[in-house]
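Shown next, in structure tokens, is the structure this report addresses.
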Amino acid sequence: MPLDDCRLLQLPKVEDRRGNLTFIEGNRHVPFAIERVYYLYDVPGGAERGGHAHKNLHQFLVAMSGSFDVKLDDGHRKATFHLNRSYSGLYLSPMIWREIDNFSSASVCMVLASARYAEDEYVREYDEFLRLTR
Ligand code: T46
């Protein structure tokens, strides 16, 4: 089931008295080649992001600062992940409906994606998403 493909992945953490360092290499620490990076920040309290699925896109979400909840739905089952570490992240396979909320103050959500931005790659209507997954 697609939801079983979505999972928390631990990242390398190089500890140092000068501070910690984490790195991410495509097709090694995440299961796809990284083509795009974007991030959500200055998110006001109570705001929700997402509310869509992607037909073919693979993504990896990291809470670079603060925390937030990621609610996933594959059309059959649902799961919620709380992200609050910069040395782990959540892999999302294609055709997963996601909603992101409960952002803490000053939180930053960094997203690594397998392809450049393409609006026609989104499924933004939940009814259409259910039709495509059933
Ligand atoms: C996702 C969650 C976590 C671009 O022009 N380029 C981009 O790379 C992205 C991601 C967005 N945009 C434009 C498209 C919209 O006009 O930025 C605007 C806001 O995008 P959207 O409403 O899709 O933002 P979110 O936060 O609801 O969703 C985004 C990603 O789109 C989505 O893939 O999984 O973050």
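In listed order, ligands and their atoms are each counted from 1. Side chains are part of it too, since the values below use all heavy atoms of this structure and drop only hydrogens, waters and symmetry mates. A quick note: this is a predicted structure, and the numbers were derived from the prediction, not measured.
- Ion pairing between a basic and an acidic side chain is recognised when a charged N comes within 4.0 Å of a carboxylate O; R124 and E119 show such pairing.
- Counting the atoms of ligand 1 from 1 in the order shown, those under 4.0 Å from a heavy atom of Y38 are 1 (C), 2 (C), 3 (C), 10 (C), 29 (C), 30 (C), 32 (C), 33 (O), 34 (O), 35 (O).
- Remark: distances from the non-hydrogen atoms of R124 to ligand 1 include one below 4.0 Å.
- The aromatic rings of H52 and H54 lie perpendicular to each other, with more than 60° between the two planes, well past the 30° mark.
- No donor-acceptor contact under 3.5 angstrom links the side chains of Y126 and E128, judged on distance only.
- For CZ of R134, the number of neighbouring non-hydrogen atoms (other residues, nucleotides, ligands) closer than 6.0 Å is greater than 12.
- Here the CZ-SG distance, from R77 to C6, works out to 10.0 Å after rounding to the nearest 0.5 Å.
- Within the 4.0 Å cut-off (strictly below), no protein heavy atom is located near atom 18 (C) of ligand 1.
- Atom 16 (O) of ligand 1 has as its closest protein heavy atom Y117 OH, 4.7 Å.
- The closest heavy-atom contact to atom 28 (O) of ligand 1, among the options R98, H52, M110, R49, comes from H52.
- Residue-ligand proximity, I100 to ligand 1, at heavy-atom distances under 4.0 Å covers atoms 3 (C).
- Looking at atom 8 (O) of ligand 1, its nearest protein heavy atom turns out to be R36 NH1, 2.5 Å.
- Ligand 1 is approached by H54 to a heavy-atom distance shorter than 4.0 Å.
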